[in-house]
Protein chains: 2
Amino acid sequence: MNLYGYFRSSASFRVRVALNLKGLPYDSTAVHLRKDGGQQHAPAFRALNPAALVPVLDDDGHVMTQSLAIIEYLEETHPQPPLLPQDAVQRAYVRSVALAIACDIHPLNNLRVLRYLVKTLGVSEEQKNAWYRHWVEQGLAALEARIVADNRAGQYALADSVTLADVMIVPQIFNAQRMDCSLESVPTLMRIFEHCMRLPAFIDAHPSKQPDAD
Amino acid sequence: MNLYGYFRSSASFRVRVALNLKGLPYDSTAVHLRKDGGQQHAPAFRALNPAALVPVLDDDGHVMTQSLAIIEYLEETHPQPPLLPQDAVQRAYVRSVALAIACDIHPLNNLRVLRYLVKTLGVSEEQKNAWYRHWVEQGLAALEARIVADNRAGQYALADSVTLADVMIVPQIFNAQRMDCSLESVPTLMRIFEHCMRLPAFIDAHPSKQPDAD
């Protein structure tokens, strides 16, 4: 398997964690989102993914996009250890946590969105950073409230086993820390983050550990 | 089952289509996103979903959020007719189309995001509409390119059977039409949309057919 990604992309980070948790070895191809005008726009990469977004997974010639679709694929083709529980209601809970991050928080703070705010709408650096923090803080607070209300969390988002929910939480918290977001109001998410960051699968997937980190 | 939704919410529209395709009867509770300062912010609704977002599905006391998590739950608990193919690579393709809409297009044009642009960043009505069209047109063009390159589409996104991909495409095209986005460059998506809109499951789920439509 070959993973096309970028060290700091949180969607790439998610897939690295999932591959590590499954114990699957993989090759990496770095796609630098800020060099050469954005290597994701190069014709060779666009031939793989016309959306010009990372990550892309090539599994023996099968080219896949979208981090959550890739992780569900890994779960189906390499079921052990599972990243989703057996029970359908619990699976819906885990996926809803994952999607709250993938749909309600992360898309608003993508590089291309921040660039549009600055270049097309002419917002200031300060306004751009306030936008970033607003969506992260509001989104994480809503997620914390949901997880507390659901009362399923233990060391991890679902009791004491790592699931897809944790795979999604950790890169989002990493981003939040990097952008100096306030995390005081999300103690449950921070507890989950800290438990995860003791595990080699998460440690080894960290952006700072990637060969393309700069 | 009881679906809390809003007639014009495309995430609610998705779940209505999935319930109809599965032939599952359901009760509806309207949550008007524009009345009473937004009924999604009312304490009773926030107790169901602290994120104050629709849709929410209550299945016999099991409360679920996030349209894609709800649809995966319906797929697992009511497998017939299937909304995902059997083959893992094809499932990844279908989910990647779904997620391209759920993550790369739809979140940028949510009501709360458009409100932030106007109220906090002070952008003009014209700039707001240009933002909306930019992300829809760019996102749909990327999706069209991906679907054409993958060469799996027939009447629908995956050959001639309706899948989760189609369930996601239709509400997004509906939104695009409502906001006068250009759809000339996405003939494959439009062909899929038109085939879907001949089916009762899609027709009956249309926003204009909902009891709360105004």
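FYI, side chains are in, hydrogens and waters are out, and symmetry mates aren't considered; it's all heavy atoms of this structure. Note that the coordinates shown come from a computational prediction; the quantities given were computed from them, not determined experimentally. First the proteins, then the strands, lettered A, B, ... as listed; each starts at 1.
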Using 0.5 Å steps for rounding, measure from the [atom1] atom of [X] to the [atom2] atom of [Y].
X: A:I105; Y: B:C103; atom1: CD1; atom2: SG; answer: 12.0 Å
X: B:T120; Y: A:H134; atom1: OG1; atom2: NE2; answer: 6.5 Å
X: A:L68; Y: B:L68; atom1: CG; atom2: CG; answer: 8.5 Å
X: B:S67; Y: A:L99; atom1: OG; atom2: CG; answer: 7.5 Å
X: B:I101; Y: A:Q66; atom1: CD1; atom2: CD; answer: 10.0 Å

Could you give the side-chain donor-acceptor pairs of residues 79-91 of chain B under 3.5 Å, partners two or more places apart or in another chain?
residue: B:D87; atom: OD2; partner: B:V89; partner atom: N; Å: 3.2
residue: B:D87; atom: OD2; partner: B:Q90; partner atom: N; Å: 2.9
residue: B:R91; atom: NE; partner: A:E76; partner atom: OE1; Å: 3.0
residue: B:R91; atom: NE; partner: A:E76; partner atom: OE2; Å: 2.9
residue: B:R91; atom: NH1; partner: B:P85; partner atom: O; Å: 2.9
residue: B:R91; atom: NH2; partner: A:E76; partner atom: OE2; Å: 3.0

Structural part of [X] lying under 4.5 Å from a heavy atom of chain B:
X: A:E144; answer: neither
X: A:V113; answer: both
X: A:R46; answer: neither
X: A:H106; answer: neither
X: A:N110; answer: neither

Open item on the list: Once you measure the plane-to-plane angle for B:W131 and A:Y116, does it fall in the parallel (<30°), tilted (30-60°) or perpendicular (>60°) bin?
Closed with: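 Judged by the thresholds at 30° and 60°, the geometry between B:W131 and A:Y116 is perpendicular.
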
Open item on the list: Heavy atom to heavy atom, less than 4.5 Å: which residues from residues 49-62 of chain A reach chain B?
Closed with: A:N49, A:P50, A:A51, A:L53, A:H62

Open item on the list: Is B:T65 close to chain A through its backbone or its side chain, or both, or neither, when contacts mean heavy atoms under 4.5 Å?
Closed with: both

